[in-house]
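Here is the structure we will look at.
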Amino acid sequence: MSELQIGDMVTGIYKTGKYIGEITEVRPQHYLVRVLAVVKHPMQGDLHNPKEADVLIFHERKALSYREQANIPKQMVKLFTEEVPDYLASLRQAVEKMKNELTENASDWAELSLKSVASLEKDYFK
């Protein structure tokens, strides 16, 4: 597979979130990607103990902001050929999808995650 180039539209997985964006720089092991839309909202809680509620700190994890740049490992980046959705609309859709999935999960982690998401929504959709 040939290497992606500056200006290419891509999807990239950063931590536990998935984004659509534009490559702004090619680095030896990473692409620098400018975020234009959210596909999957990051999971809440401790990344080292996924889906666990009994952790030292239960982290509230925000999605990357519009036009924020992230250094994403090359193997986590794929070419994106569809129309790029509006950032705020994509964020709203990703949050709703995550809330629906958490509502179906009757665990302490899901309950804490829903509380985190409710707090994030107040910040996102002022």
Side-chain angles (χ1 to χ4, degrees):
M1 182 180 132
S2 64
E3 186 164 292
L4 298 169
Q5 304 296 317
I6 292 173
D8 284 349
M9 291 306 210
V10 295
T11 60
I13 297 172
Y14 183 76
K15 299 196 177 172
T16 60
K18 185 173 182 180
Y19 303 91
I20 298 169
E22 175 185 8
I23 294 175
T24 59
E25 191 175 321
V26 177
R27 297 178 172 170
Q29 302 296 317
H30 299 81
Y31 292 112
L32 188 62
V33 177
R34 179 181 297 129
V35 173
L36 300 174
V38 181
V39 176
K40 180 184 179 289
H41 194 281
M43 283 176 46
Q44 301 304 293
D46 187 340
L47 291 181
H48 302 290
N49 298 291
K51 298 189 177 181
E52 292 292 325
D54 190 19
V55 293
L56 191 57
I57 299 173
F58 193 88
H59 295 274
E60 181 181 277
R61 302 205 176 278
K62 283 184 157 189
L64 296 175
S65 302
Y66 180 65
R67 297 183 62 80
E68 182 174 352
Q69 298 207 68
N71 211 21
I72 304 178
K74 286 184 175 180
Q75 67 270 22
M76 302 304 247
V77 176
K78 306 282 182 257
L79 191 62
F80 183 76
T81 57
E82 300 169 35
E83 186 173 329
V84 177
D86 173 73
Y87 176 84
L88 200 54
S90 71
L91 176 61
R92 196 176 299 277
Q93 186 175 12
V95 167
E96 284 304 313
K97 183 175 188 236
M98 185 169 70
K99 282 173 38 182
N100 291 337
E101 291 169 357
L102 290 168
T103 302
E104 294 171 4
N105 183 337
S107 70
D108 291 341
W109 168 79
E111 190 176 317
L112 287 172
S113 293
L114 282 167
K115 287 179 183 171
S116 289
V117 171
S119 172
L120 289 170
E121 281 184 298
K122 289 176 188 167
D123 187 40
Y124 290 156
F125 310 120
K126 296 176 192 172

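- Taking all atoms of both residues into account, the shortest heavy-atom contact from E52 to F58 is O-CE1, 3.9 Å.
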Practice task
Evaluate the criterion salt bridge (Lys or Arg N to Asp or Glu O under 4.0 Å) for residue pair K97 and E101; output intermediate values, then yes/no.
Solution key: CA-CA 6 Å; K97 183 175 188 236; E101 291 169 357; 3.6 Å; yes
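- Applying the salt bridge (charged side-chain N to carboxylate O under 4.0 Å, His left out) criterion to K51, with sequence neighbours excluded, gives no partner residue.
- Contacts of T16 classified as side-chain hydrogen bond (donor to acceptor under 3.5 Å, both in side chains), with partners at least two apart in sequence or in another chain: none.
- No donor-acceptor pair under 3.5 Å is formed between the side chain of R67 and the backbone N or O of R34.
- In this structure, K74 contributes its side chain and R27 its backbone to a donor-acceptor pair below 3.5 Å.
- In this structure, W109 contributes its side chain and Q44 its backbone to a donor-acceptor pair below 3.5 Å.
- Residues passing the ring-ring contact (aromatic ring centres under 6.0 Å, His included) test with F80: none are found, sequence neighbours excluded.
- Remark: side-chain polar atoms of S65 are not paired, donor with acceptor, to backbone N or O of E68 under 3.5 angstrom.
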* For L120 and V95, run side-chain contact (heavy atoms from CB on, under 4.5 Å): C-alpha distance rounded to whole Å, both residues' side-chain angles, the deciding distance at 0.1 Å, then the answer. => CA-CA 9 Å; L120 289 170; V95 167; over 6 Å; no
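- With a 6.0 Å radius and a threshold of 12 heavy atoms from other residues, nucleotides or ligands, N100 has its CG atom above the threshold.
- In terms of modelled atom types and a separation under 3.5 Å, the side chain of Y31 and the main chain of V77 share no donor-acceptor contact.
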